[in-house]
S.K.: 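Sharing a structure, written as structure tokens. Questions coming.
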Amino acid sequence: MRVPSTRRLRALRKAVLGVVGLTGFLVVWQLIPTLGLINPSYLPYVTDVLARLFEQLVDLAFWRRLGGTMTSWAIGLTVATIGAVVLGTVVGLVPFLRRATHTMVEFLRPIPSVALIPLAVLMFGIQRQAALVIIIYASFWQVFVQVIYGVADVDAVARDTARGFGLTRREQLTHLVLPTTLPYLMTGLRLAAAVALILAITAEMVIGNPGLGRMIELSRSAGDAAGLYALVVVTGLLGLTVNIAFRFIERRVLSWHQSVRGEEPL
Amino acid sequence: MTAYTERIAATARSRTVGSRIAASLVYPLGLPTLLLVLWGLVATRGTSKFFPDPLTIAEAFRETWVGPAFVEDVLPSLARLGLGVAGSIVLGIAAGTVIGLTHWLRELLEPLLEFLRAIPPPVLIPVAMLLLGITDTMKVVVIVSGAVWPILLNTIEGVRGTDSVMKETAESFRVSWWERLWFLVLPAASPRIMAGVRQALSVALILMVISEMFASSSGLGYRIAYFQRNYLIAEMWSGILLLGLVGVFLAVAFGLVERRVLRWYHGIREVNRA
């Protein structure tokens, strides 16, 4: 009886401290403009920002822009993931392709995706397609590299056993390659989801296709500090939601896996 | 037995040495060359003016970036990038160590850090412009405020994960606090820290480019956006190429540093695997 109660006490302590930390941050933020350390037109009061945040939440136009951003995010992430899984599996399984593409991948991957913004604007103008180019390019590599690692990680003994028992190619894919690759794929997907969101918003800021990013840029150029900070908080909450959602999906999908079951191998 | 296998291996080696050299050249260079040739063919045959052929881009690259532009645009960009990365490393490791070692501080800050990390870093550019104006300081601050998170959070995790037996051993041998930090905690955390630095580098490069596209009249990002707005297509491609080269250079340099810093760690893993 004592063990769970101390554990519950500890969890409570953690939650309380966490709330104290967040509140402290908000109080310090409120104090800075109140004490005149920074002009309120550059760093608005927390109360103003939060008020603006709630105003946005009941505004249909805000939700439409949010929808725009999330649509770009979802399309980009889906296309990038499908492409990366297919290509990554093929390249990972064929040693010839792996060796032949290695330099190409090592050169293309570090190119910052935002370098392609001008090209995307030239090709598609101020449209969602331009943003999608950037989103897909950035999130593709996250998944692709993980899938290649995962496919290469197939246990040699398990593979030989599967061959010895005469599993067909298709059976080997579903019973051997897929379970080995899945943890890697989920890691890649989680990273890609975060990257895709960052670039969806960045693209809107720089290219100017409709969405949260453009709204941020507009409130900056209009000098609407409270609106700007409210939107920054929105993007933070959005990022947090995406992170938590994908961590949850990862745990669900990998519930059979050692890393989630948490049993120590002996 | 060993001699036998060695002899076999030796003959196999001598027989294939020629084809091996060929393979080691063909594999890394084959596909890029093929793609370049294809690109050249498509570009000269095709009508799309957005894809000039590789030779035109190479020519534009030489004309645009070799010369004063290198000093005026490229070096200041790289200097800001370097300052930003150095700042994030120092800040991230220092704060991460303190937070990682202090239990209550970690619990106090965890939700807050989780939220701050989730903010897409480019969103901070307008905020920094508001607070600091369009200055070099603003750009460095933007880079730090985006690149510090992976280092900070990885340092916290790494410091937390220090082997408890080693920690207690060091304590009972009365190793001083500083020595424990320097010889136990930081080395134990270094694989995680290096993983964080790797992520931070790519974030920093992205922020360098965007902060210049957004709010600048010089620098690599500004130049590329300028070329695009003025339909200088080949020049724009040469800028993309240069950014790619910077990215590759950073990745290679980081790989070298990482191998040096984590030599002991990779050594242990090799031994464990064997």
Side-chain angles (χ1 to χ4, degrees), chain A residues 13-14 17-22 24-25 38 41-43 96 99-104 106-119 121-123 138 194 197-202 205-206 213 216-217 219-221 223 225 228-229 231-233 235-243, chain B residues 23 26-32 35 50 104 107-127 129-131 201-203 205-210 213-214 220-221 224-225 227-229 231 233 236-237 239-244 246-252:
Chain A
R13 186 187 115 114
K14 199 177 162 182
L17 273 176
V19 172
V20 169
L22 278 176
F25 174 74
I38 298 177
S41 52
Y42 299 138
L43 183 69
F96 166 75
R99 287 182 70 185
T101 51
H102 184 74
T103 12
M104 213 56 215
E106 288 305 301
F107 180 75
L108 288 179
R109 195 161 64 110
I111 295 180
S113 48
V114 289
L116 300 177
I117 287 182
L119 179 67
V121 172
L122 273 186
M123 285 167 64
L197 181 68
I198 293 177
L199 284 156
I201 293 173
T202 309
M205 279 170 63
V206 183
I216 289 176
E217 170 53 11
S219 20
R220 184 198 62 82
S221 50
L228 172 62
Y229 280 82
L231 285 171
V232 170
V233 173
T235 59
L237 292 175
L238 212 53
L240 200 59
T241 315
V242 167
N243 285 348
Chain B
V26 166
Y27 273 115
L29 297 179
L31 187 66
L35 285 178
F50 297 148
W104 62 269
E107 290 189 333
L108 189 70
L109 295 179
E110 209 165 39
L112 182 62
L113 293 179
E114 193 79 5
F115 172 73
L116 290 178
R117 180 187 63 156
I119 297 177
V123 167
L124 298 171
I125 296 174
V127 175
M129 277 165 80
L130 208 58
L131 289 174
L201 275 182
S202 53
V203 176
L205 188 58
I206 288 180
L207 286 173
M208 179 200 93
V209 177
I210 306 207
M213 281 185 177
F214 223 77
L220 210 41
I224 295 179
F227 290 143
Q228 175 247 317
R229 279 185 215 120
Y231 275 87
I233 309 293
M236 180 197 84
W237 273 102
I240 295 178
L241 179 67
L242 183 61
L243 272 179
V246 171
V248 174
F249 171 77
L250 279 181
V252 170

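Residue numbering restarts at 1 for every chain, and letters A, B, ... go by the order of the sequence lines. Note that this is a predicted model, so its numbers are computed, not measured.
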S.K.: When rounded to the nearest 0.5 angstrom, what distance separates CD1 in A/I38 from CG in B/L131?
M.R.: 5.5 Å
S.K.: So which of B/V252, B/L201, B/V127, B/L250 has the largest heavy-atom pair count under 4.5 angstrom toward chain A?
M.R.: B/V127
S.K.: When you look at OH of A/Y42, are more than 12 heavy atoms from neighbouring residues, nucleotides or ligands closer to it than 6.0 Å?
M.R.: no
S.K.: How long is the straight-line distance from CG of B/L207 back to OG1 of A/T202, given to the nearest 0.5 Å?
M.R.: 8.0 Å
S.K.: Heavy-atom distance under 4.5 Å to chain B: side chain of A/A194, backbone, both or neither?
M.R.: neither
S.K.: Based on non-hydrogen pairs under 4.5 Å, which of A/L43, A/V19, A/V114, A/L108 is most in contact with chain B?
M.R.: A/V114
S.K.: Less than 4.5 Å to any heavy atom of chain B: does that hold for the side chain of A/V233, its backbone, both, or neither?
M.R.: both
S.K.: Nearest 0.5 Å, what's the CD-CG distance between B/E110 and A/L22?
M.R.: 11.0 Å
S.K.: Can you tell which part of A/L237 gets under 4.5 Å to a heavy atom of chain B, answering side chain, backbone, both or neither?
M.R.: both
S.K.: Which distance, rounded to the nearest 0.5 Å, do you find between the CE of A/M205 and the CE of B/M213?
M.R.: 12.0 Å
S.K.: A/I216 and B/P126: which non-hydrogen atoms are nearest, and at how many Å?
M.R.: CG2-CG, 3.7 Å
S.K.: Specify which of B/L124, B/V123, B/V246 makes the most heavy-atom pairs with chain A at under 4.5 Å.
M.R.: B/V123
S.K.: Contact part of A/Y229 toward chain B, heavy-atom cut-off under 4.5 Å: side chain, backbone, both or neither?
M.R.: side chain
S.K.: Any side-chain heavy atom of A/T103 within less than 4.5 Å of one from B/L31?
M.R.: no
S.K.: Roughly how far, to the nearest 0.5 Å, is the CD1 atom of B/I224 from the CD1 atom of A/I117?
M.R.: 10.0 Å
S.K.: So for A/L240, is it side chain, backbone, both, or neither that comes closer than 4.5 Å to the heavy atoms of chain B?
M.R.: both
S.K.: Side chain, backbone, both or neither: which part of B/L220 has a non-hydrogen atom closer than 4.5 Å to chain A?
M.R.: neither
S.K.: Given heavy-atom pairs under 4.5 angstrom as the criterion, report whether the side chain, backbone, both or neither of B/F249 touches chain A.
M.R.: neither
S.K.: In terms of heavy-atom pairs under 4.5 Å with chain B, which of A/K14, A/R99, A/R220 leads?
M.R.: A/R99
S.K.: Tell me which of these, A/G18, A/G223, A/G213, A/G24, has more heavy-atom pairs under 4.5 Å with chain B than the rest.
M.R.: A/G18
S.K.: Would you mind telling me which of B/L109, B/I210, B/V209 has the largest number of heavy-atom pairs within less than 4.5 Å of chain A?
M.R.: B/I210
S.K.: To the nearest 0.5 Å, what is the distance between CZ on A/R13 and CG on B/L108?
M.R.: 10.0 Å
S.K.: Relative to chain A, which of B/I240, B/L35, B/I233 shows the most heavy atom pairs under 4.5 Å?
M.R.: B/I240
S.K.: Give the member of A/V206, A/L197, A/V242, A/I201 that has the highest number of heavy-atom pairs under 4.5 Å with chain B.
M.R.: A/V206
S.K.: Under a 4.5 Å heavy-atom cut-off, does chain A meet the side chain of B/W237, its backbone, both or neither?
M.R.: side chain
S.K.: Return the set of residues passing side chain to side chain donor-acceptor pair (under 3.5 Å) with A/S41 (not counting sequence neighbours), or none when no residue passes.
M.R.: A/N39
S.K.: Sequence neighbours excluded and cut-off under 3.5 Å, please list the side-chain donor-acceptor pairs for residues 111-122 of chain B, or say none.
M.R.:
{"from": "B/E114", "atom 1": "OE2", "to": "A/R247", "atom 2": "NH1", "distance (Å)": "3.3"}
{"from": "B/E114", "atom 1": "OE2", "to": "A/R247", "atom 2": "NH2", "distance (Å)": "2.8"}
{"from": "B/E114", "atom 1": "OE2", "to": "B/R117", "atom 2": "NH2", "distance (Å)": "3.3"}

S.K.: Between A/P110, A/S221, A/P118, which has the largest tally of heavy atom pairs under 4.5 Å with chain B?
M.R.: A/P118
S.K.: Quick one: what part of B/M208 sits under 4.5 Å from any heavy atom of chain A, side chain, backbone, both or neither?
M.R.: neither
S.K.: Quick one: which of A/L238, A/T101, A/L119, A/I111 has the most heavy-atom pairs under 4.5 Å with chain B, could you say?
M.R.: A/L119
S.K.: Heavy-atom distances under 4.5 Å only: say whether A/L122 touches chain B with side chain, backbone, both or neither.
M.R.: both
S.K.: What part of B/L242 gets closer than 4.5 Å to chain A, counting heavy atoms only: side chain, backbone, both or neither?
M.R.: neither
S.K.: Heavy-atom distances under 4.5 Å only: say whether A/T241 touches chain B with side chain, backbone, both or neither.
M.R.: neither
